[in-house]
Amino acid sequence: MEAPKRDTAWGPMEVHFQAAREAHAALQEAGLEVELHQPNLPIFAEEGEAKRLAKKKADEPHEWRGDAFLLLKDRERLLEALSLIREQLAFQQIVDVTAVDFDAEDSVLWGVYQVLSLTKKARLTLKVHLPKDDCRVASAVSVYPGADWHERESGEMYGITYEGHPDPRNILLPDDWVGYPLRKDYEFPEEYHGISCV
Amino acid sequence: MATPTSLPETARRSYWGNVWSTIKSTAVGMGITFRYLWSKPFTVQYPDEKLTTDERYRGIHYLEQDLCICCNACAKACPIDCIEMEATRHGKELEWHQFDLDYQKCMFCELCVYPCPKDCIHMGKEYALVTEDRGTLNMDLLTWQGLTEEQKVRIAEAEAKKAAKKAAKEAAAKKKAEQENREEA
Amino acid sequence: MEEPPQTTPPDQHRLREIELDVRTQDVEINMGPQHPATHGVLRVLLRADGEILVGAESHLGYLHRCAEKIGENVDYIQYMPYTDRYDYLSSMNNNLSYSLAVEKLLGVEVPKRGQYLRTILAELNRIASHLVAVGTYGIDIGAFTPFFYALREREFLLDLFEKICGARLTYSYIRPGGVMNDAPAGWLNKVAEFCDIFDQKWPEYWNLLVQNKIFIERTANVGVMPAQTAIDWGCTGPMLRGSGVDWDLRRDQPYLVYDQLDFKVIVGEGYRGTLGDCFDRNFVRMYEMLESIKMVRQCLAAIEEGEVSHPDVSLTIRPAPGEAYVGIENPRGELGHYVVSDGTKIAKRMRCRAPSFVNLSVVEHTLPGCMLADAAAIIGATDIVIGETDR
Amino acid sequence: MKPLTIIASALPEAPVSEAAAPQGNGLTEMLAGWLPESVPFWGLTLMASGLAFGVIMAFVSVVAMFSTWLERKVAGHIQIRLGPMRVGGWHGWAQAIADGVKLLIKEDIILASADRPLFKLAPALVLGTAISTFVVLPFAPGVMIADVHLGIFFVIAISSVTTIGVIMAGWGSNNKWSVYGAMREAAQVASYEIPLGLSLMPPVIYYGSFSLLEATQAQSGWFGMHWYILDPSVMLVSVPSFVLFFVATLAETKRAPFDLPESESELVAGFHTEYSGIRFSFFFMEEYAAMFVMSAIATVLWFGGWNFLGLAALEGIPVLYTTACMLVFIVKSMLLVFVMMWVRWTLPRLRIDQVMILGYKYLTPLCLIVVFAASLLEYLRFVLSN
C-alpha cells in the first residue's frame, strides 16, 4: 500500500478521519451504539487565529480541533467493539490505553484506546465513559496483549478496575500507595513511610 | 512460534568454517584496536584542559542587575519556580535584597530568558556546579545588595529634586493663594 | 492470536526431581535495580534453573517522576523541558513529538526552514541515540571498546547540538511553534562534515563489533520475537522492524518533510540466525544510522533560508479545545503525545506513550528459556531508557 | 652451566632433576656459610623457604602492580583515552601503588551472613597457589627456585587449585551472583584443563622432557634464536599448538573473552563481588600473577625462554649475563601478557554454553590432532636423523 499523503507537518489527517468514519459505520452495523466525534475547526488555523484564541476567555464557547474519536456508549460491550476493530477493521496494534479525568466535577472518566492499523496505515481512537463511582471496565488484554502494562498503569493512576486483567498489580507506584494520583481530585500525601513528600 | 528464515550462523557454517570465521573476525577486530592503540587519544585532561563552551551555551545565569526592574517575569516563566527575587522601590531606584536562583532545581531550559522585558537575565558559560554542600547551590545572582553609592546619590538627587519641586509647588500655591487673596481683597 | 508464554508466578517454588534423586530448586535472582546490564534502575526478578531462566518479572517505577501529573499543572511551554527528560538520549525527538501534538491543536504549521531543521536534528539525534544503544550493547555482552568509539562520534554530535541550542543532553530546542532559534552561521557545513566523518567510522563498529564471531554467537537466535508477537504486544521501532515488520512512521505516516526524502526502511532479515533475534535489532539500528545520514544529506541540500518559527505562536499558548495524538518515530519506537486541551493555558491531560515502556513489557515473556547471560543481551537489545519507561 | 637451585630440598616429594639439583647447594649453603653451625639443616631449609617466599611475593607484587598499570594504559589507549595520568607524574606510573595503598587501608568488610572461614581462607588460597607456580620458572641461568623435573606438570596441577579458592569465595560470600561466578569458574577450568594440558604436549614431545629448564636450554642454539616456534621443521605443529595453548590460557586465567566468573555486565563482579580491601587485592594479584605465569610458560616452551639473539656473547660477565637473561625473559612474558590485554579489550564475552562448546568441540579435538601431528613429526625426525 502506498504511504498516506502527508497533509500536515504533523502527519496525515484525512486517512485517520476516514478510518474513524469507516469504523463508526462498521460498529453501528454490528449493533454497537457508537458516536463519532469530529472536530469542527479546520485543520489549519487562519491567520492570527492562535492569537485570537489566546485572548479568548475560558467561558466563551469554543470550537474544537484535533483528532476525531469514537465514543462507545455501552462500556460493557467494549471487548466486542475492540475485537471487531481488531479482526474486521484490521487495527492490529494497540498503541496506548489511557484514561483522562477531564474535570474534578465530572462524574465520568474517559477510557481512551488508541489503535493502529499497519495495513490501512491509520489510527483510531475509541473512548468509553467510566463513572467515577463505579470505575470498572473489561480488560483489553485478551484482545490486544499489548494493553497489559498500559492497563496496569492507568489502573493505578486512575483507580480503574480492569476486569479480567491477568496481573493487576501496580506498576509504577509502590504497592501500598494510597489514592489515584492522576485524578483531578487527588490530594498530595504529606509523607510516605516517613519520607516527606512536600 | 517462529519460522526460521535462515539457518543459524553456527549451523550453516561447517566446523572449519566456524574456526576460520572466528580467527578472521578476531584478527580484524584486533587490527582495529591495535591501530587505535597508537592513535592520538580523544579525551582531554579535564581540569587542566577545558573545552570551550559555545556562544549559545546554557550555563549558570548572570544578571545585569542595573537593568533589572524586579518584574518577576522570569520567575513566573520558570517551570519549577526556582527563581525568587525581592527588592524595595525608592522611586525609580531599587534596593535589592535578593535574587536567588536555586540550582538544585534549575534545569537550564532557558525559559526564564525569553520573557524578560529588559533583556537582563542571560545564560552564562560557567558550568561547574560542583560543591560539597547542597545549600550553596541556592545562589544569589546579585552583584551587589542594598543600594550602591551612585543609587544613593541618585535617590538623594531625586529627593532633592522632588523637594525642590514640592517647594516650588508650595511656593506657587502660596503665590496663587496670595494672588487670590489679593484679588479677593 | 499467539498466547503469551506463561511465566512462573514468583511465589510458587518449583521443586523438581532430576536424575540421581537430587531435589533441585529454582534460584531467584534479583537483577537490578542497581545492575550494570539493566541500563538504569530497572529491576528484573529472574528465576533460574542453573544457568537457564525459567521466569522473569520486571519491576519498574524507581525513576517515576510524575511527568504526566506535572503536565496538568504547568502551561504548555513550561512543560517542554520535562519532555527532554523522558528519553534523555533522544531529547530532540521527544521535543518534536510534543511540539507536533501542541501544533496540531494550535493548527499551525512550522515554516519550511524550521521543518528542515527539525528533521535534521531529529535524525542526528537518532544517530546519537543509536550510537549509545549499539555501544552499550557491546558493553552488555562484554566488548567495552566499541562504546568509546561510538561515544567519540556522539561527542561530535553533542558539539553540534551545543552550537545550535546551548545544551548537550536536554535540548529544549524544538518548541511548539518552531525551534528555539535559527542555526548559527556555518552550522550546516559542520553537519555535512559530520556526515562524511561518520561514513568513514561506521565500518569500524561493523567490523569490530557486529561482524565479530562472538558477537554473532551471542546475539543470533537469542531472544527471538516473531513478527506476530511484536505486533500483538505493541512493539515499535527497531524491535518491530527487527522482527521483520516493515513499518516506519516516517514513511507510513509522514510528518515534517519525510515524504520528500528518499530513504529505505531497514527491516531485519535474520541473516545471521532467526528473524527477530537480538542480532536483527542491532542490525536495524546499525543500518538506520546510515539511512539517517542519507536523510540529513538530503535535508542539507534542500534547506533554504527563511523563518524558523511560526509568528503567531508566542510564549503563552492557548490551543483550541480538543485532543490530539501525534506519534513520531523515536529511536526506540513510536513516541506519542496525547494532549487534551480545554482552551486554557494548561492542558487537561498530557499523556506520553513511551516506546521503551511497551517494548519492555514483552521482554519478560522473551526471557524464559534463555540463559542468564542472555538476559543482559536481550534487555540490552531492547534498548530501554528508564527515564522513559517510568516517566 | 649448573643452575643455582635454591630450595630443592623443600620439596622432598618432587622429583628433582639430577643434573641440576645438588643437595645443599644454593641458598641453603649460602645461609649455612653465614649462620653458626649449630643451626640444623631443617632450620636452614625453613629460612631459605622464607627468603624464597619473600622474593617471589615481592616479584609477584611488582608484576601485579605493573600489570594493572599496563592494563589500564592499554585499555585507555585502545579506547582512545589516556588511562591514569595523575598519580606520580609521568603517565600515572604510581597509580598502581596508590591503588595498592588504598586497598590496604580500606575497611575489610565481611558480610554478617558470609561463611567466615571460607570467606577468609579463599583469597589466601587463591594467591598462594598463584605464587607457588613461580617456583619452577627459569628466569635466567641459575635464577630459578626449584628445577622440578615435571615442571610443566607442576604448573598445570597447582594452577588449577585456584578454582577451589574461587569456589570457596563464591560460596562463602553468600551471594547468588558470586555462586554463579564460582560455578562458572569450576565448569570452565575443569573443561579447559584438557586442552591446556594437551596443547603443552607438542613442545614436551619436541624437548623430550617436562622440565622447563631443559626446555630453555634446548632452545639455545642458532645464536639464541632456535626457539620452538621458529624451528621450521616443526612450525606446522608449534604455531597451532601455541594458539591453542594461548586460548586455553585465557580461559584458565579467567581473561576475556572467557571472563565469565567475574563478567561484570552479567554477574556484577562474579565471585569477588563481596570482597573489599586487601582480600579483594589478593584476587586481583592472583589474576595478574596467573597471567604472568602462563605467559612465562609459553615463553619457555615456545619463545626460547631467556634465549635471545647474541645474548650468549655476554656469558663472560656473569652478573650482566644473568640480568640480561632475566630481562629478556620478563619482557617476553610481559609481551604475551600485553597480547592477553589486547584480546580482552577487543572481544565480547562468550556465553557459558559457548565456552563449553569451544572447549570440548573445538579446542580438545584440535589439540588431539596437533598432538598426533607432533608425535608423527617427531617420529619422522627420529627416523630421518638415524
Side-chain angles (χ1 to χ4, degrees), chain B residues 1-13 17-33 35-37 39 41-44 51-59 73 76-81 106-116 122-125 127, chain C residues 2 5 70 74-75 77-82 84-85 143 145-146 148-149 151-152 155 159 162-168 170-172 180-181 184 203-204 207-209 211-217 220-221 224-229 243-244 268-277 279 315-316:
Chain B
M1 288 280 277
T3 44
T5 51
S6 59
L7 281 169
E9 165 94 358
T10 26
R12 215 171 45 209
R13 286 180 185 267
N18 273 327
V19 173
W20 171 241
S21 70
T22 310
I23 293 172
K24 192 184 149 201
S25 66
T26 307
V28 167
M30 286 179 74
I32 292 171
T33 42
R35 258 207 324 278
Y36 273 111
L37 184 58
S39 74
F42 186 74
T43 48
V44 293
L51 295 173
T52 49
T53 47
D54 198 73
E55 196 71 12
R56 291 181 182 178
Y57 188 75
R58 307 210 298 254
K76 277 177 201 148
C78 181
I80 28 184
D81 302 335
C106 179
M107 49 187 180
F108 300 95
C109 61
E110 212 180 0
L111 288 180
C112 50
V113 175
Y114 295 103
C116 184
H122 306 279
M123 304 298 277
K125 288 189 181 182
Y127 50 84
Chain C
E2 197 108 22
I70 291 171
V74 294
D75 65 33
I77 201 87
Q78 284 182 340
Y79 187 59
M80 190 210 23
Y82 289 97
D84 284 335
R85 284 154 177 82
T145 305
F148 289 87
Y149 300 163
L151 278 200
R152 175 191 49 188
E155 183 70 18
D159 282 344
E162 187 191 325
K163 280 199 171 59
I164 199 166
C165 70
R168 296 171 73 86
T170 50
Y171 311 114
S172 301
M180 191 169 102
N181 36 26
E204 266 174 21
N207 288 329
L208 179 59
L209 186 68
Q211 276 297 56
N212 189 285
K213 179 76 176 166
I214 300 176
F215 182 90
I216 294 167
E217 289 294 324
N221 296 314
V224 178
M225 190 166 60
Q228 190 57 48
T229 315
S243 291
E269 292 163 8
Y271 93 105
R272 289 293 188 189
T274 320
L275 181 66
D277 56 13
F279 184 89
L315 285 173
T316 319

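These numbers were taken from a predicted model, which means no experiment stands behind them. Letters go in sequence order (proteins before strands), and every chain restarts at 1.
- Partners of C:Ser172 according to the side-chain hydrogen bond (donor to acceptor under 3.5 Å, both in side chains) rule, which considers only residues two or more places apart in sequence or in another chain, are C:Asp84.
- The contact between B:Tyr114 and chain C is made by backbone and side chain atoms together, counting heavy-atom distances below 4.5 Å.
- With chain B as the partner, the residue from C:Asp277, C:Thr145, C:Leu209, C:Ile164 showing the most heavy-atom pairs under 4.5 Å is C:Ile164.
- With a 4.5 angstrom heavy-atom cutoff, C:Tyr171 touches chain B only via backbone atoms.
- With a threshold of 4.5 angstrom between heavy atoms, C:Gln211 approaches chain B through N, CA, C or O but not through any side-chain atom.
- B:Asp81 meets the salt bridge (charged side-chain N to carboxylate O under 4.0 Å, His left out) test with no other residue; sequence neighbours excluded.
- When heavy atoms are compared at a cutoff of 4.5 Å, B:Ile23 does not approach chain C at all.
- Of the inter-residue distances, the one linking B:Asp54 atom CG with C:Arg168 atom CZ reads 10.0 Å to the nearest 0.5 angstrom.
- With a threshold of 4.5 angstrom between heavy atoms, C:Ile77 approaches chain B through its backbone and through its side chain.
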Exercise. Please lay out, stage by stage, how B:Val113 and B:Arg58 fare under the test side-chain contact (heavy atoms from CB on, under 4.5 Å).
Key: CA-CA 11 Å; B:Val113 175; B:Arg58 307 210 298 254; over 6 Å; no

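- Considering OG1 of B:Thr52 and OH of B:Tyr57, their distance stands at 11.5 Å, rounded to 0.5 Å.
- At a 4.5 Å heavy-atom cutoff, C:Ile70 makes no contact with chain B through either its backbone or its side chain.
- Here B:Met30 contributes atom CE and C:Asn212 contributes atom CG; the two are 11.0 Å apart, rounded to the nearest 0.5 Å.
- With chain B as partner, the option from C:Cys165, C:Ala227, C:Ala167, C:Gly244 having the largest number of non-hydrogen pairs under 4.5 angstrom is C:Cys165.
- Atom-to-atom distance recorded for B:Met123:CE and B:Cys112:SG is 6.0 Å, nearest 0.5 angstrom.
- Interface summary for chain B: among C:Glu204, C:Glu155, C:Arg152, the most heavy-atom pairs under 4.5 angstrom belong to C:Arg152.
- In this structure, B:Tyr36 has its ring center at least 6.0 angstrom away from the ring center of C:Phe148.
- Interface remark: B:Thr43 contributes no atoms to any contact with chain C (heavy atom separation under 4.5 Å).
- Of the two parts of C:Pro146, neither the backbone nor the side chain holds a non-hydrogen atom closer than 4.5 Å to a non-hydrogen atom of chain B.
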